[in-house]
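Down below is the structure, laid out as structure tokens.
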Amino acid sequence: MDLSGPLAWAIDALLALLLLWLALRALGSPVPLEGVIFFIGFGLTLAMVWVRLEVPDIALAEAAIGAGLSGALLLAALAGLRKVGGQRDVPGPADPGHPPDALAKDTSGDGRSGSPPAAEVAD
Amino acid sequence: MQTRMPGSRSTLGRRLLPVLLAGLCGGLALTILSLSPPGPSSGLADEVTAALAQTGVTSPVTAVLLDFRGYDTLLEMAVLLLALGGVWSLVAHLPRIDGRPGIMLDRLTRLYLPLMLVVAGYLLWAGGTAPGGAFQSGAVLGAAGVVLTLGGWRLPPRLAGWPLRLVLTAGLVIFIAVGLLPIGFGSLWLDYPRAWAGGLILLIETTASLSIGATLAALFLGGQPRGDP
Amino acid sequence: MTSTLEAALTARSDLIAPVLAPLVGALLSFLLRRWAMPIGLISIIGLVLAVLMLIPEALATGPRWLAVGGWEAPLGIVLHADGLSLAMLFMTAAVGLAISLYAAVYFHDQPSRAWSFWPLWLLLLTGLTALFLAADIFNLYVTLELLGRAAAALTALAGGADALVGAMRYLLVSLLGSLAYLLGVALLYHAYGTVDLGLLADRIAGLPATWAALGLMSAGLLLKTALFPLHFWLPPAHSNAPAPVSAALSALVVKGSFYLWLRLWLELFGGLGLGVETFLGLLGAGAVIWGSLQALRQTRLKLLVAYSTVAQIGYLFLAFPLALGGATTAWTGAIYLAVSHALAKAAMFLAAGNLLRFGGHDRIADLDRVVQRLPLSIAAFALAGVSIMGLPPSGGFIGKWLLLEAALSQGRWGWALVILLGGVLAATYVFKVLGYAFTQSETPHRARPVPAVMEWAALSLAASAILLGLIVAPPLALLAIGEPFAMATGAVGP
Amino acid sequence: MTPATLYALTGVGLFAIGLYAFIRHAHLLRKILAFNVMGSGVFLVLIGLARRTPTGLTDPVPQAMVITGIVVAVAATALALSLMLRVVATIGRTELPDDPARRAE
């Protein structure tokens, strides 16, 4: 593959821009599902970049893992989030669905917490 | 999950952050440009090519992965297993997500699974001379495991206990055993005897790709398959 | 391979034993989980023996190298053990043994957690020993990954909301730190064509890539070391983990990234004349003051001990400005302090775990006459406190004394004042706990029995911290092997 | 400048974008995505600069580093995702309670 002609330059510039745009969309999207889908596209584009850079070993690994497996993992995690109740990702002042102690508890450690870790008590 | 995040108030730190990151980006970009012309010491490609004949494989990347820097690869496989140990310790307390495959997915599984196994085998075999090798082959095997899982297939309980854990650890166990072998012959840790190097590397790669594939599929499956301890 | 004699000398692979002992143990305990605990204990004993066998030879013949796979740098990976590495390995083995004995009892009645604990804990030890032996910045990255993930997964083992949140933040911070470090490795490799520390030390120059790598690697590693003001993640993670894990995190894990940063400094960056020593010292001083004051404010024992770690990490960074004048005593003092802190802090966390198990809580104000009920644990806490305060005789005293000597001999009173002030503050928070331990509380304890092994594990660690103040010459001789601190000071001169 | 350098620069850009999102967003899933983007950026820098060899062949040492790096990154993602699920199941929200990014919102 010729990596220096003007056409090659155009392809490379386009791929680089596409990569940056997909990353921005994946990270900028407020909807997690959209973010994950853009991220899978990002992984596939990256696999193409590896082909352009003539590193087929990495392109193979990226296509199978970076795009395929990571994407599957992220989608499964999204399904898991729905199941375990992550729908309330907008913090509200009154949130009746869950015990308030977990949130009121002081994890930053500036000294107002009086409760020991739950598991230590349990054992 | 489909709700939008609330708009954010802008604080001093928030306004400073893009400026700081733009500075970081610019500085790093200048660094890259300063490195762009090949310097006096540009990488190890020549050294690798020169020493390739002594490794028993002809693919430079495989030689680096399993011979020159095999110790790194061994520890990276431990990192992979560690992640699975962590996931298993975490998800024991989570509700299980069970998949009910559609007809479409079921057909796809039947169609693609043998293909994926062939690809994985080819990548493994090709790794010694051409692009491919344990990690790529393991990745394809892992993907095959994911497809199987999505198709609703589960490991039979009698295989989900120590037999599964044996497959998961086999790659590392064989790697360590082969690494210790030369010490018995008065040589160094991981210094494969030259005559057998090619065969030993293939042995390590085969078990490693099985273990990597099983680990990746198990990571996707999340919860530890139920079976006897 | 030039001569048979040299081949006979170098063809020894026992340098890998401290890595393999816990790694093989981790695999076996994962595979045969019913015997996870005995396998874990056997492999930790193997680790102790492997480290002990390295020391006499190193004392006699100097530092050791091992070219893994017979490939010399730059192509291969080289392992290196000098006094600094061996001191850190010894610390890991000693503290690891006590923590393992403690954990064997601690997790005894929870088989499912024990199954998770042993492989993760042994992999954490693998990461630590591999880190202390590596002389290759990419290999160091891999060990750092092993260490960070094992630590985060172990933190989550406690299972409560606080522990999970602490573990999540810990994992994110750890991943971020590793990536910054890896980008630094990438730049150094492409600038100098090697990832071997020794070769890099020969080739390094004031190129832009060096500066960028320094910035990235120091940001990543100081974040992982929890140097003030990057310490925000440490107290929640360290205080909410299960007791043996808390001890391991505070005693050993933060020392891993500190060691790596110190190594990079001594070998690569220290000689470049960057002038950041004072800045690092100021951050250290900030950590000493801020961490101690925060520790004083805490109402929970484990949080107090965790903030004390933030303060004690600060001391280690005071050595950077103090070593500027060419005094290796500052480095020796810092390492002496690091090892003493590991012993004492592990003792404190294990003792705190005993109090927590006994009373069902760790609210300092509600410690109800525990001195009569758990005398060994309180004794362990008090003895460890002696070392943390820096009172004689203790390892903490020797370490601080060496730092003070370095400061006073150069007439740098400001740093000396920080060292003394930190000691006074430490005394205040240790005595605050001890005061409550002697007094009666309105809320009586649940009074659950604490197995003797758990008390003795804490006490023996604390006693070792004291012992380091009585037996001083052998550790100093160990630290001097291969003169690990000579490079930076030698290179500072004109 | 060569196309390979262009990709290395893109890598720097991805690292910065990822870092920004990592600090700026409180949602744990977005933090994990940001970590992955940052990692890809580092890999691009490693490979983009690896083509400066006299022979024009790509240096195999960084290639090996990236291949293992990709596998290790997916393992980190899996670990972080299951920890995230546990956190969400326990505290009932997808952000850490005292995340500065959340506090400002």
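Because only heavy atoms are used, hydrogens play no part in the values below, and waters and symmetry mates are left out as well, while side chains stay in. All chains are named by letter (A, B, ...) in the order of the sequence lines, taking the proteins before the strands, and each is independently numbered beginning at 1.
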Exercise. Heavy-atom distances under 4.5 Å only: say whether C:V78 touches chain B with side chain, backbone, both or neither.
Key: neither
Self-check item: Residue B:L82 versus chain C: region with a heavy atom under 4.5 Å
Solution: both
Practice problem: Working to the nearest 0.5 Å, report the span between CG of B:L80 and CD of C:E145. | Solution: 12.0 Å
Quiz item: Measuring from B:Y71:OH to C:L66:CG, what's the distance to the nearest 0.5 Å?
Solution: 9.0 Å
Practice problem: Could you check which of B:D72, B:L172, B:L190 has the highest count of heavy-atom pairs closer than 4.5 Å to chain C? | Solution: B:D72
Quiz prompt | Minimum-distance pair of heavy atoms, taken over all atoms of B:L44 and C:G193 | solution = CD2-O, 3.5 Å
Exercise. Just give me the residue among C:L32, C:V68, C:L23 that pairs up with chain B most often, heavy atom to heavy atom, under 4.5 Å.
Key: C:V68
Quiz item: Side chain, backbone, both or neither: which part of C:L207 has a heavy atom under 4.5 Å from chain B?
Solution: neither
Practice problem: State yes or no: are the ring centers of C:F30 and B:W88 separated by less than 6.0 Å? | Solution: yes
Exercise. Take C:L31 and B:L168 through the side chain to side chain contact (heavy atoms under 4.5 Å, CB included) test and state the conclusion after the steps.
Key: CA-CA 9 Å; C:L31 195 56; B:L168 292 170; over 6 Å; no
Quiz item: Of the backbone (N, CA, C, O) and the side chain (C-beta and beyond), which part of C:L28 lies under 4.5 Å from a heavy atom of chain B, both, or neither?
Solution: neither
Quiz item: Which region of C:L75, side chain (C-beta onward) or backbone (N, CA, C, O), has a non-hydrogen atom less than 4.5 Å from a non-hydrogen atom of chain B, or is it both or neither?
Solution: both
Practice problem: Determine whether B:L81 and C:L27 make a side-chain contact, defined as any pair of heavy atoms from C-beta on separated by less than 4.5 Å. | Solution: yes
Quiz item: Picking from B:T73, B:L74, B:L75, what satisfies side chain to side chain contact (heavy atoms under 4.5 Å, CB included) with C:V142?
Solution: B:L75
Quiz item: Checking heavy atoms, do the side chain of C:L154, its backbone, both or neither come under 4.5 Å from chain B?
Solution: neither
Exercise. List the steps, then state whether side chain to side chain contact (heavy atoms under 4.5 Å, CB included) holds for C:D136 with B:R69.
Key: CA-CA 11 Å; C:D136 177 296; B:R69 299 190 69 88; 2.8 Å; yes
Quiz prompt | Test log, rule side chain to side chain contact (heavy atoms under 4.5 Å, CB included), inputs B:W162 and C:R33 | solution = CA-CA 9 Å; B:W162 67 265; C:R33 55 169 46 158; over 6 Å; no
Exercise. Tell me, out of C:L20, C:L187, C:V19, C:T126, who's got the most heavy-atom pairs with chain B below 4.5 Å.
Key: C:L20
Exercise. Working to the nearest 0.5 Å, report the span between CD of B:E76 and OG1 of C:T143.
Key: 10.5 Å
Quiz prompt | Closest non-hydrogen atom pair, B:S89 against C:L120 | solution = OG-CD1, 4.3 Å
Practice problem: Under 4.5 Å heavy-atom distance to chain B, tell me which part of C:I16 shows up: side chain, backbone, both or neither. | Solution: side chain
Quiz item: Around C:W211, counting heavy atoms of other residues, nucleotides and ligands shown, do more than 12 lie under 6.0 Å from its CH2?
Solution: yes
Quiz item: Which answer fits C:L79, side chain, backbone, both or neither, if we ask what part of it has an atom under 4.5 Å from a heavy atom of chain B?
Solution: side chain
Quiz item: Is it the backbone or the side chain of B:L28 that comes under 4.5 Å from a heavy atom of chain C, or both, or neither?
Solution: side chain
Exercise. Measure distances from B:A83 to the heavy atoms of chain C and classify the residue's part below 4.5 Å as side chain, backbone, both or neither.
Key: neither
Practice problem: Let me know if C:L164 has heavy atoms under 4.5 Å from chain B in its side chain, its backbone, both or neither. | Solution: side chain
Quiz item: Given the options C:G215, C:A150, C:A153, C:A213, which has more heavy-atom pairs under 4.5 Å with chain B than any of the others?
Solution: C:A150
Quiz item: Can B:F68 and C:I77 be said to form a side chain to side chain contact (heavy atoms under 4.5 Å, CB included), step by step?
Solution: CA-CA 7 Å; B:F68 303 134; C:I77 300 169; over 6 Å; no
Practice problem: Taking all heavy atoms of C:A212 and all of B:T31, pick out the closest pair and write down the distance. | Solution: CB-OG1, 3.7 Å
Quiz prompt | Which atoms of C:P119 approach chain B - backbone, side chain, both or neither, heavy atom under 4.5 Å | solution = neither
